[in-house]
Amino acid sequence: MYSSVIIIGGGLGGLFTGALLAKNGRQVTVLDKNNIIGGGLQSFCRNGISFDTGMHVMGGWRDGGTLDRLTRYIGIRNSLKLRDVDDNCMDEITVLSDDTVYRISASRNGFIDSLVSYFPDSKLELENYIDSIDRIANSFDLFNLRPYDFNGSNHRDPDALITVDVFIEKYVSDHRLRSVLAYINGLYDGRRGSTPAYIHALIMSLYLNGATRFVDNTIQLALNLKSFIEENGGNVLSGCEVIGVECDDRRIVESVICTNQKRFEADCFV
């Protein structure tokens, strides 16, 4: 079993990975090339006002959601300042081509009903679309924090690996509604013809259960994860870009070298 782990990248994924490993007794070192950790969680201040650079609104924080469960497991949930977004208007989308503002509600029924108010003939299509979202999301054990079967497949649903544009077009015939449903793609750089539908489905599944925003700034999550790693004997180093990887015949990676020529060795690299 690996005892020491180096994680390259101190964004949301790297910090959560480090915190989970530290929680389970691993010696963790996170290396981030930027002077400020957090990736899309970075914040900065100008004239006393805090600005977020990336993910200021997220899904998965409501009771029982993935992020809620993970942060409670780590023990930092109560240290985070969060506020739920109004479920009656989880998102507001302005489409300039038809000069319409679409107000999207949270929850399965709220999401469907809010869009039916704009597209009254599409209720059945929207229900089938959400059914497929639910099926795909439920087929991923790790997404649902269930024990993972390494001998099985996380893509059991036939819709999971078709591209996101084909997926939306499969269930929805109205071109305007297709465009509205694709708005969520901007959160993860979803691209027509290449992004698999399961990415779209997992993000949609998080937001259907309600959106939550950070109070004051988003970097609080990064800093709380950093503190947890350090309190458990690990390190989170900023301004430490990895520029080289050393290998030998026995292991793919033996050590990494940063811009300051400092070398880091570990049993495992992420």
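As the structure is a computational prediction, the values presented were derived from the model and not from experiment.
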d(I257 CD1, E241 CD) to nearest 0.5 Å is 13.0 Å
| message | Would the distance check show the side chain of S4 and the main-chain N or O of D267 forming a donor-acceptor pair, the cut-off being under 3.5 Å? | response | yes
- Query: Taking the side chain from N144 and the backbone from R146, do they hold a donor-acceptor pair closer than 3.5 Å?
  - Reply: no
| Residues R178, E125: salt bridge by 4.0 Å N-O rule | no
Exercise. Output yes when a side-chain donor or acceptor of S117 lies under 3.5 Å from a complementary backbone atom of S114, and no otherwise.
Key: yes
Let me see the working for I36 and F44 under side chain to side chain contact (heavy atoms under 4.5 Å, CB included), right down to the final yes or no. CA-CA 10 Å; I36 301 175; F44 66 93; 5.8 Å; no
Note: D32 and G10 closest approach over all heavy atoms is OD1-N, 2.7 Å
### Query
Side chain of Q220, backbone of V215: donor and acceptor closer than 3.5 Å?
yes
With side chain to side chain contact (heavy atoms under 4.5 Å, CB included) as the test, would you mind laying out the steps for L12 and M58 before giving the verdict?
CA-CA 12 Å; L12 179 63; M58 302 172 70; 4.0 Å; yes
d(N78 CG, I76 CD1) to nearest 0.5 Å is 10.5 Å
Value for CG (D159) from NZ (K170), rounded to nearest 0.5 Å, stands at 3.5 Å
Shortest non-hydrogen pair, T17 vs G13, comes out as OG1-O, 2.7 Å
- Message: Membership question, hydrophobic clusters at under 4.5 Å side-chain separation (ILVMFWY): are F16 and L145 in the same one?
- Response: yes
Residues I133 and S205: closest non-hydrogen pair is CG2-N, 4.2 Å
For S43 and I219, the nearest pair of non-hydrogen atoms, with its separation, is OG-N, 3.3 Å
Requested in this report: Please tell me if the side chains of F228 and N232 come closer than 4.5 Å, counting only heavy atoms from C-beta onward.
Outcome: yes
So, the side chain of E92 versus the backbone of V101: is there a donor-acceptor pair under 3.5 Å, distance only?
no
task = Check the pair L70 / L20 against side chain to side chain contact (heavy atoms under 4.5 Å, CB included), numbers first and verdict last.
result = CA-CA 9 Å; L70 283 173; L20 290 169; 4.2 Å; yes
Checklist entry - So, D174 versus S122: side-chain donor-acceptor pair below 3.5 Å or not? => result no
### Query
Are the side chain of Y118 and the backbone N or O of R103 linked by a donor-acceptor pair below 3.5 Å?
yes
Kindly state whether the ring of F264 and the ring of F269 have centres lying under 6.0 angstrom apart. no
- So, D91 and Y207: side-chain donor and acceptor under 3.5 Å apart, yes or no? no
message = Grouping I, L, V, M, F, W and Y whenever their side-chain heavy atoms are under 4.5 Å apart, do I243 and L237 come out in a common cluster?
response = no
Heavy atoms of T195 and D189 approach each other most closely as OG1-O, 4.1 Å
Separation between NZ (K23) and CD1 (I74), nearest 0.5 Å, reads 8.0 Å
Hey, are D84 and T212 close enough side-chain-wise for a donor-acceptor pair under 3.5 Å?
-> yes
- Kindly say whether A211 contributes a backbone atom to a donor-acceptor pair with the side chain of R62 at under 3.5 angstrom? yes
Heavy atoms from other residues, nucleotides or ligands near CG of N260 exceed 12 (cutoff 6.0 Å)
yes
One should read off an interatomic distance between R108 CZ and D113 CG, to the nearest 0.5 angstrom, of 10.5 Å
- What about I130 and L124, same hydrophobic cluster or not, with Ile/Leu/Val/Met/Phe/Trp/Tyr joined at side-chain heavy-atom distances under 4.5 Å? no
Shared ILVMFWY cluster between F140 and I162, side chains joined below 4.5 angstrom?
yes
What's the verdict on salt bridge (Lys or Arg N to Asp or Glu O under 4.0 Å) for R135 and D131, showing C-alpha distance, side-chain angles and the deciding distance? CA-CA 6 Å; R135 286 197 311 271; D131 283 343; 5.5 Å; no
Rounding to 0.5 Å, atoms OH (Y171) and CG (L126) come to a distance of 13.0 Å
**Item:** pair F143-I136: side-chain heavy atoms closer than 4.5 Å
**Value:** no
In terms of heavy-atom contacts, T259 and G239 come closest through OG1-O, 4.3 Å
Donor-acceptor check, side chain of S179 to backbone of H175, threshold 3.5 angstrom: yes or no? yes
- Task: State yes or no: do V166 and V164 share one hydrophobic cluster built from I, L, V, M, F, W and Y residues joined by side-chain heavy-atom distances below 4.5 Å, directly or via other members?
- Result: yes
- For the side chain of D52 and the backbone of T218, is there at least one donor-acceptor N/O pair under 3.5 Å apart? yes
Are there more than 12 heavy atoms of other residues, nucleotides or ligands under 6.0 Å from atom CG of N35? no
Please check if the side chain of D165 supplies one atom and the backbone of G193 the other of a donor-acceptor pair under 3.5 Å.
yes
Checklist entry - Got R176 and V95 here, is their nearest side-chain heavy-atom distance under 4.5 Å? => result no
| task | Look at the rings of W61 and F214 and say which category their plane angle falls in: under 30° parallel, 30 to 60° tilted, over 60° perpendicular. | result | perpendicular
- request: Would you sort out whether R77 and L82 count as a side chain to side chain contact (heavy atoms under 4.5 Å, CB included), showing the intermediate values?
  value: CA-CA 10 Å; R77 180 64 176 83; L82 303 166; 3.4 Å; yes
Notebook entry, point to check: Should the heavy atoms of other residues, nucleotides or ligands under 6.0 Å from CZ of R72 be counted, would the total exceed 12?
Noted result: yes
Q. Do D216 and S50 get their side chains close enough for a donor-acceptor pair, meaning under 3.5 Å?
A. no
